[in-house]
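Numbered from 1 within each chain, the chains take letters A, B, ... in sequence-line order. Values below: all heavy atoms of this structure, side chains included; hydrogens, waters and symmetry mates excluded.
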Protein chains: 2
Amino acid sequence: MGMNESMKALSDPVRRHILEKLKAGTRTAGEIAADFDLSNATVSYHLKLLKQAGFISEHKEKNFIYYELNTTVFEDILRWLHRLGG
Amino acid sequence: MGMNESMKALSDPVRRHILEKLKAGTRTAGEIAADFDLSNATVSYHLKLLKQAGFISEHKEKNFIYYELNTTVFEDILRWLHRLGG
DNA sequence: ATAGTATTTAGATACTTTTCTAAATAGAGT
DNA sequence: ACTCTATTTAGAAAAGTATCTAAATACTAT
């Protein structure tokens, strides 16, 4: 975690779209992948980066992996942006 | 401009540092470059990206180019972050 | 045990970004 | 006009990121 990892994570449109989707509620990896014209492997890679940056967390259930949004991480970024231009 | 350009611009630590420096007041390209262990050409490249994304603006005076922070661009990003996690 | 589904990991390739050096531009002062 | 300083642009090399396909893992259900 840290500012750099967070900002890098948010710098890709696919990853921002994933977060927006998860804002509406928990989703499985497959449901998330279905939104994109990308292989599941690629979406899995993006999920991994978001998870590493702390934006999402996962839990297994049956043979699905559910992802959910983790809002606490946004605070540092918001603080930084507010200090600069908010 | 647009979300993608803004986020990409903020995704690099050098560029974030430049914005922080400019928060304290207008600076010339040279003064900004002096903060980094990078060539002036490289810093100039980062300034160009920040300018294109609308985060900074420039004006010439003698043979210096002064850069200054442009806070209005932060609003879209703040809105997006607030909607998601704020 | 086997077969099927969901997802990730590995390795390769293509693309993008960052950085450098050298050359170009522009303006200031002599 | 010439020289000096400030800065940018061009082109190339290096590093980093996104993507794919194929193989691996893990769990379910028969």
Side-chain angles (χ1 to χ4, degrees), chain A residues 1-22 25-70 73 77, chain B residues 1-22 25-70 73 77:
Chain A
M1 301 163 196
M3 195 63 174
N4 204 44
E5 205 174 11
S6 309
M7 286 309 223
K8 283 258 170 73
L10 295 182
S11 74
D12 182 278
V14 170
R15 291 193 291 270
R16 289 197 304 278
H17 187 155
I18 291 173
L19 294 180
E20 282 165 0
K21 174 140 189 148
L22 290 178
T26 298
R27 295 282 183 278
T28 67
E31 286 168 337
I32 296 164
D35 269 21
F36 299 94
D37 195 11
L38 294 170
S39 71
N40 286 12
T42 295
V43 174
S44 183
Y45 158 79
H46 287 299
L47 288 168
K48 188 175 79 183
L49 295 192
L50 286 170
K51 189 171 50 179
Q52 279 169 355
F55 285 106
I56 62 177
S57 51
E58 60 176 30
H59 71 273
K60 290 189 184 182
E61 200 171 307
K62 297 198 160 202
N63 57 346
F64 295 90
I65 301 179
Y66 286 88
Y67 283 96
E68 69 183 315
L69 194 60
N70 201 340
V73 195
I77 305 173
Chain B
M1 301 163 196
M3 196 63 174
N4 204 44
E5 205 174 10
S6 309
M7 285 310 222
K8 282 257 170 74
L10 295 181
S11 74
D12 183 277
V14 171
R15 291 194 290 270
R16 289 198 303 278
H17 187 154
I18 291 173
L19 295 180
E20 282 166 0
K21 174 139 188 148
L22 290 178
T26 298
R27 295 282 183 277
T28 67
E31 286 169 336
I32 296 164
D35 271 20
F36 300 94
D37 196 12
L38 294 170
S39 71
N40 286 12
T42 295
V43 174
S44 182
Y45 158 80
H46 286 299
L47 288 168
K48 186 174 80 182
L49 295 192
L50 285 170
K51 190 171 49 179
Q52 280 170 355
F55 285 106
I56 62 178
S57 50
E58 61 177 29
H59 71 274
K60 289 190 185 181
E61 202 172 304
K62 298 196 160 205
N63 55 347
F64 296 89
I65 301 181
Y66 285 88
Y67 283 96
E68 69 183 315
L69 195 61
N70 201 341
V73 194
I77 304 172

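A heavy-atom distance below 4.0 Å to DNA chain D is reached by these residues of residues 26-35 of chain B, ordered by number: B/Thr28, B/Ala29, B/Gly30.
Taking B/Tyr67 as the reference, nothing meets the ring-ring contact (aromatic ring centres under 6.0 Å, His included) condition, with sequence neighbours excluded. Applying the salt bridge (Lys or Arg N to Asp or Glu O under 4.0 Å) rule to B/Lys21 yields the partners B/Asp35; only residues at least two apart in sequence or on another chain are considered. With sequence neighbours left out, the ring-ring contact (aromatic ring centres under 6.0 Å, His included) criterion links B/Phe64 to no other residue. Taking A/Ser11 as the reference, A/Arg15, B/Ser11 meet the side chain to side chain contact (heavy atoms under 4.5 Å, CB included) condition, with sequence neighbours excluded. Partners of A/Ser57 under the side chain to side chain donor-acceptor pair (under 3.5 Å) rule, at least two apart in sequence or in another chain, do not exist in this structure. Residues satisfying the ring-ring contact (aromatic ring centres under 6.0 Å, His included) test with A/Tyr66, not counting sequence neighbours, are A/His59. Applying the salt bridge (Lys or Arg N to Asp or Glu O under 4.0 Å) test to B/Glu20 and every residue at least two apart in sequence or in another chain returns nothing.
Using a 4.0 Å cut-off, some side-chain N or O of B/Tyr67 falls inside it from OP1 or OP2 of D/dT8.
When rounded to the nearest whole Å, the span between CD1 of A/Ile18 and P of C/dT7 equals 13 Å. Counting to the nearest Å, the C1' atom of C/dT8 and the CD1 atom of A/Ile65 are 7 Å from each other. One interatomic measurement links the two molecules: NZ of A/Lys8 to P of D/dA15, which rounds to 15 Å at whole-angstrom precision. Summarising the geometry, the separation between CD on B/Gln52 and C1' on D/dT9 is reported as 13 Å, rounded to the nearest angstrom. The distance from atom OH of A/Tyr66 to atom P of D/dA26 is 20 Å, rounded to the nearest whole Å. For A/Glu58 and D/dT25, the CD to C1' distance is 14 Å, given to the nearest whole Å. With rounding to whole Å, A/His59 atom NE2 is found 15 Å from C/dT7 atom C1'.
Ring to ring, A/Phe36 and A/His46 are not that close: their centroids are 6.0 angstrom or more apart.
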query = What does nucleotides 19-30 of chain C look like as a protein-contact string, B for base, S for sugar-phosphate only, - for none, at under 4.0 angstrom between heavy atoms?
reply = BBB-----BSS-

